[in-house]
K.L.:
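Take a look at the following structure, please.
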Amino acid sequence: MDEPTLKYTKWKSFTDETVATLDVSHRFIAVGTHNGNVHILDLEGNPIKIFELHKAQVTSVIVDQSGEYLGSSGLDGQIAIQSLYSTENMMFPNKRPMQSVCFEPDFVKKPTRSFLVGGQEGNLTLMSKGWFGYGPTIIHSGDGPIYGVSWQQDILVWSTDLGIHFYDLATKQKFEFIPLEQEQRQDLVRCNICWKSLTVFMIGWGETVIVGEIKDRDKKDAQSNVSAKYINIMHQFKTPFLIAGISPFKEHVLLLAFVGTLQDYLELRSESHPPEIHLLDLQGHILDTDQLPIQGFAKYKLNDYRLVSLEEGTEAVYYLLSPRDIFLARPRDLNDHVDWLEEQGDLKAAVEAVRSSAESLLVKPERLKDIGKKYLDKLLSETKYEEASLEMSKILGQDLADWEMYLSRYRQQDKGTLLIPYLPIDSLKQEWQPLTDLLLSLVEKDYPTLLITIRTWPESVYSIQRLLESMEPLANPKSDTHLLEVVSELYKKKHLYAKALQVGLWLRQEDVLDLVEQHNLFSVLQDDPSLVFDYELHLVEKHRVSFSFDSDLPLSVLKTRQLVQTKLDKHPRYLHCYLDALWDKDTNEATDFQKLQVKLYCDHDPSKLLNFLRVSNAYSVPDAYALVEERDLVPEMMFLLGKLGNNRKALYLIIDRLGDVERAIEFTKEQNDQDLWLEFLTFARDKPPFIVALLKQVGSYLDPLIVIESIPEGLIIPDLKPALIKILKDTSGQMSLLKGYEDILLSDTWEALMHLVKQQTAGRKLNDPECQICGNGFKPDQETHLVSFHCQHVFHDQCIDQRKQISSPLPKRKEKLYSSIHAMYSGKRVILEQPRVSVLRQQLQCPLCSETK
């Protein structure tokens, strides 16, 4: 079933009179009766005033746009113009019945205050106000009675039995006539005219609908005898019923239908049917149909019904008139849509429609809850609990009373967990008992959901104490893991950290030891330190790693000899773990326990023993040897024999027990004992792998020739050739290195010698020299010779002779001078033609330097 387009209400009923016509305005409604009265009603249908304007049926009423004047026509021939706010009243009598009247646009504002009338006389008369009152102007006559009259801007439209006429007041000429297919008697079949816009009109007459537009003709096409306007028929179609009224409806057309054909109606072949409202598109297709509940419809004729529209904002309302009742039709709004969906049982769609309009306030919020609860009840009756849960928070909001009711219904069906994600937790400021009841219902049924819920909810909205009272008796180290996790979480929320620590250690929670440092719980672990070691060892086994403490926590818990002895004596493995961690953190603190640690390493972690023996020096070597020998720990035995000085036995142990030539060689290298090398050679002389290894590795410790000479004659040694080739290559390489070293040394020596010669043969600058013996200076004109040594000391040659410190007398003149020697004297560079500077032979020594040496 399709949803209706309009909704209908009975707006007004008349019991004393029958109504014949009406007009509507934004201020009031005017209704004309068969008795000649005009009733003025407010928009709620309440009577305001009654005007007795006619002595016979009122055929038409009109209210001007301002709502100040009322016009009416009657079968008594009277045209009445009545002021609604004063006593002004004008009556215009005629000899024949009058059928219609209409005001010019902006009637009150115009000085002429014109109006148009037509009737049985066949004249269309324009009444205009002048200096001496109203005067008539006949616009048209000769086509028979005039019924429908309309005035839009400068356009006049009226109907006769032959068709519809159009008249242009601006040019004062009729410009269009739309004839009928056959002549109609308007006293039986009325012509209905309305306007969709200022230029678009709609006509409903008989079984025909016409939609046309008034257009201005192009100036180039205009002729002197042709009107400037013309009619463009946009749509025209037939209907399967008679038309009692017409009005635009958005982009469609709304018709008040009198059921039956024109021929049957005119020939009175059948009784009348209830009138109907039809919504059609502009091609004549029926979109919607509604039947009106009119009482007494069998006696009514076509012209007893009327349809008038009134614009209200963006939409229009429609007044439907019958002789006794006036109905009001409105476009259905969202509330109507929701009502219809509810009537159809489509509550889901109704809820969605209300929810979509919640922000625009088109529907009251309580409407959502009302329909929503009906929808929830329907879902629950169909056992669609999950679907109902999804809608619950959207419908109930924060109404705790409704939530409690539905929560109780869910719990009765053991479906309470479905509501947990949707409960109004954020709006709660204090404990709400239904939440605690819900959580208690999960105990022993759904611990994982319970755990997630208490972690998510604030502890202020439910009772932690009630939950603990219910669950503590169930908690022990062997309890369900999820149960213990819930208890641990509740302890933390209750700030019972000592209990939370204990449960966390039961659970082996990886971050549980953080509680010790955060809340100073060291004393708890001191009472029973095995808890923490159980915990640590579990992690070791879980992650398959070596035992180690990631923090100083165990050392803080157990740091005295008394705790070691009293708390861990019964747990050797825990004691070993503790001392091992203590050794890694603080070797000084662990000194007193090193003798004990040797045994503990032997029993629980032999892989760490050798490193401990190497680093520690606070244990008894003989006692340690006895322990490792008892357990046949060969590497440790070898190391301790070395510390005991029994290198020979250690070497035998490596060779005989381990057969590890690499380790034997490494051990012998560490001892740096030539006799031990010879012992090694004695052990290895009949073992080919050892001989090959010695030849390859000990060239710098043991002469390879000795190794080769010790090999028994006839001994087959695999891989001997590569070993010998390696020795030869190593020897050749050493010789090449020595030759390179020699070349470098000779080159460096030659460079140093050349540098020395260059320094000793270089000239020297002498500025005002003084003799180092007599203290007198030197002058260019003196005949004495100047003697300069490489040490920069300068002497008179006579002074040197006098001291007799040279092996042969100093000649007065030296003829053999090096030609390349120059002297600088008083800042002037000269080539010595006369020998004033003598460079003495190597046997001449500086007297001053000789005495110093």
Side-chain angles (χ1 to χ4, degrees), residues 18-23 30-38 51-64 69-82 89-104 107 112-129 133-152 155-167 169 174 177-178 180 183-194 203 205-206 244-245 301-304 306 308 321:
T18 57
V19 294
T21 186
L22 85 163
D23 193 25
V31 178
T33 70
H34 284 82
N35 293 342
N37 299 324
V38 177
F51 293 101
E52 297 178 356
L53 300 176
H54 302 276
K55 297 178 180 180
Q57 175 186 339
V58 179
T59 55
S60 69
V61 291
I62 184 72
V63 180
D64 79 302
Y69 283 87
L70 168 71
S72 65
S73 63
L75 293 180
D76 59 357
Q78 292 284 352
I79 298 293
I81 305 297
Q82 175 68 51
N89 174 265
M90 294 177 286
M91 302 297 292
F92 301 89
N94 292 274
K95 296 180 180 179
R96 301 288 304 275
M98 302 302 294
Q99 296 293 339
S100 61
V101 59
C102 68
F103 291 117
E104 68 174 322
F107 174 79
T112 57
R113 294 199 175 183
S114 301
F115 57 92
L116 195 65
V117 298
Q120 294 295 331
E121 289 181 339
N123 295 330
L124 178 68
T125 305
L126 176 64
M127 302 292 293
S128 299
K129 188 176 183 181
Y134 276 93
T137 301
I138 297 177
I139 302 296
H140 175 78
S141 65
D143 282 350
I146 294 175
Y147 287 85
V149 176
S150 180
W151 192 337
Q152 182 76 291
I155 304 300
L156 304 181
V157 183
W158 67 94
S159 63
T160 67
D161 291 343
L162 300 179
I164 302 108
H165 301 260
F166 293 84
Y167 183 87
L169 282 175
K174 188 169 65 172
F177 172 69
I178 301 177
L180 296 179
E183 183 177 344
Q184 302 280 7
R185 289 183 53 191
Q186 290 201 63
D187 59 337
L188 297 177
V189 181
R190 182 179 59 250
C191 177
N192 302 280
I193 302 173
C194 69
I203 297 174
W205 196 355
K301 303 301 180 184
L302 173 65
N303 286 358
D304 290 330
R306 288 183 182 268
V308 180
L321 179 140

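Everything quoted here is computed from the prediction, not taken from an experiment. FYI, the numbering just counts along the sequence from 1. These values consider heavy atoms only, across backbone and side chains, with no hydrogens, waters or symmetry-generated copies.
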K.L.:
Within this structure, what is the CG-NZ distance for the pair N37 and K55, rounded to the nearest 0.5 Å?
P.N.:
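N37 CG to K55 NZ: 13.0 Å, rounded to 0.5 Å.
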K.L.:
Without swapping roles, check the side chain of Y134 against the backbone of R113 for a donor-acceptor pair under 3.5 Å.
P.N.:
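Yes; at least one donor-acceptor contact below 3.5 Å.
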K.L.:
Does V19 reach the side chain of L22, with side-chain heavy atoms less than 4.5 Å apart?
P.N.:
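Counting from C-beta outward, V19 and L22 never come under 4.5 Å.
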K.L.:
I'd like to know if the side chain of R190 and the backbone of A244 have a donor-acceptor N/O pair within less than 3.5 Å.
P.N.:
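It does hold such a pair.
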K.L.:
May I ask you to test the F115-I79 pair for a side-chain heavy-atom distance under 4.5 Å?
P.N.:
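Yes; the side chains approach each other to less than 4.5 Å.
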K.L.:
State, to 0.1 Å, how close I146 and G122 come at their nearest heavy-atom pair, and which atoms those are.
P.N.:
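Taking I146 first and G122 second, the nearest heavy atoms are CD1-O, 3.7 Å.
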K.L.:
Find out whether M127 and L116 are in side-chain contact, i.e. whether some heavy atom of one side chain is under 4.5 Å from a heavy atom of the other.
P.N.:
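In short, these two side chains do not touch, never coming nearer than 4.5 Å.
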K.L.:
Judged by atom type as modelled, is there a donor-acceptor pair below 3.5 Å linking the side chain of D76 to the main-chain atoms of Q78?
P.N.:
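Judged by distance alone, yes, a pair lies under 3.5 Å.
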K.L.:
Could you pull out the closest heavy-atom pair between A30 and V63, with the gap in Å?
P.N.:
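Answer, listing the atom of A30 first, then V63: CB-CG2, 3.9 Å.
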K.L.:
So, do S114 and W151 sit near enough that their side-chain heavy atoms are less than 4.5 Å apart?
P.N.:
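They are in side-chain contact.
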K.L.:
What's the separation between atom CG in L156 and atom CD in E104, rounded to the nearest 0.5 Å?
P.N.:
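So the gap between those two atoms works out to 10.0 Å.
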K.L.:
Quick one: pull up CD1 in I164 and CG in L180 and give me the separation to the nearest 0.5 Å.
P.N.:
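It is 5.5 Å, given to the nearest 0.5 Å.
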K.L.:
Quick check against the 3.5 Å criterion: does N303 have a side-chain atom that pairs as donor or acceptor with the backbone of Q186?
P.N.:
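It does hold such a pair.
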K.L.:
Report yes if the side chains of I193 and W205 come closer than 4.5 Å at any heavy-atom pair, otherwise no.
P.N.:
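A side-chain contact is absent here, since even the closest heavy-atom pair is not under 4.5 Å.
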K.L.:
Is the ring pair F107/Y69 parallel, tilted or perpendicular, if the boundaries are 30 and 60 degrees?
P.N.:
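Geometry flag for Y69 against F107: perpendicular rings.
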K.L.:
For the OG1 atom of T18 and the CG atom of D304, what is their distance to the nearest 0.5 Å?
P.N.:
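Atom-to-atom, T18:OG1 and D304:CG are 8.5 Å apart.
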K.L.:
Between Q82 and N89, do the side chains contain a donor N or O and an acceptor N or O under 3.5 Å apart?
P.N.:
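Distance-only check passes for N89 and Q82.
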K.L.:
Pairs under 3.5 angstrom only: tabulate donor-acceptor contacts from the side chains of residues 136-145 to other protein residues two or more places apart or in another chain.
P.N.:
| from | atom 1 | to | atom 2 | distance (Å) |
| --- | --- | --- | --- | --- |
| H140 | NE2 | D143 | OD2 | 3.0 |
| D143 | OD2 | H165 | NE2 | 3.1 |

K.L.:
Distance alone, cut at 3.5 Å: any donor-acceptor contact between the side chains of S60 and Q99?
P.N.:
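No, because no side-chain N or O of S60 sits under 3.5 Å from a partner of the opposite role on Q99.
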K.L.:
Checking S73 against T59: is there a side-chain donor and acceptor pair closer than 3.5 Å?
P.N.:
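Yes, side-chain donor-acceptor contact under 3.5 Å.
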K.L.:
OG of S150 to CD1 of I62: how many Å apart, nearest 0.5 Å?
P.N.:
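If we round to the nearest 0.5 Å, S150:OG and I62:CD1 are 8.5 Å apart.
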K.L.:
Could you check whether any side-chain N or O of R96 sits under 3.5 Å from a backbone N or O of G77, counting only pairs where one atom can act as donor and the other as acceptor?
P.N.:
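No: the side chain of R96 does not pair with the backbone of G77.
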K.L.:
With side-chain contact (heavy atoms from CB on, under 4.5 Å) as the criterion, how do V101 and V149 come out once you've worked through the C-alpha distance, each side chain's angles and the decisive distance to 0.1 Å?
P.N.:
CA-CA 7 Å; V101 59; V149 176; over 6 Å; no
K.L.:
Any side-chain heavy atom of E121 within less than 4.5 Å of one from N94?
P.N.:
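A side-chain contact exists here, since the closest heavy-atom pair is under 4.5 Å.
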K.L.:
Do you know which two heavy atoms are closest between F177 and L162, and how far apart they sit?
P.N.:
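Here F177 and L162 meet closest at CZ-O, 3.6 Å.
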K.L.:
Check the pair L124, V117 against side-chain contact (heavy atoms from CB on, under 4.5 Å), reporting the backbone distance first and the verdict last.
P.N.:
CA-CA 6 Å; L124 178 68; V117 298; over 6 Å; no
K.L.:
Shortest non-hydrogen contact from H54 to A80?
P.N.:
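The pair with the smallest heavy-atom distance is NE2-CB, 4.2 Å.
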K.L.:
Distance-only, no hydrogens or angles: does the N192 side chain make a donor-acceptor pair with backbone N or O of I203 under 3.5 Å?
P.N.:
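Checking the backbone N and O of I203 against the side chain of N192, no donor-acceptor pair under 3.5 Å is found.
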K.L.:
Before you tell me yes or no, could you show the steps for W158 and F166 under side-chain contact (heavy atoms from CB on, under 4.5 Å), namely the whole-Å CA-CA distance, both residues' side-chain angles and the distance that decides it to 0.1 Å?
P.N.:
CA-CA 7 Å; W158 67 94; F166 293 84; over 6 Å; no
K.L.:
Compare every heavy atom of L53 with every heavy atom of M91, then report the nearest pair and how far apart it is.
P.N.:
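Where M91 meets L53 most closely, the heavy atoms are CE-O, 3.4 Å.
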K.L.:
Search all heavy atoms of S159 against all heavy atoms of C191 and return the closest pair with its distance.
P.N.:
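For S159 and C191, the tightest heavy-atom pair comes out as OG-CB, 3.6 Å.
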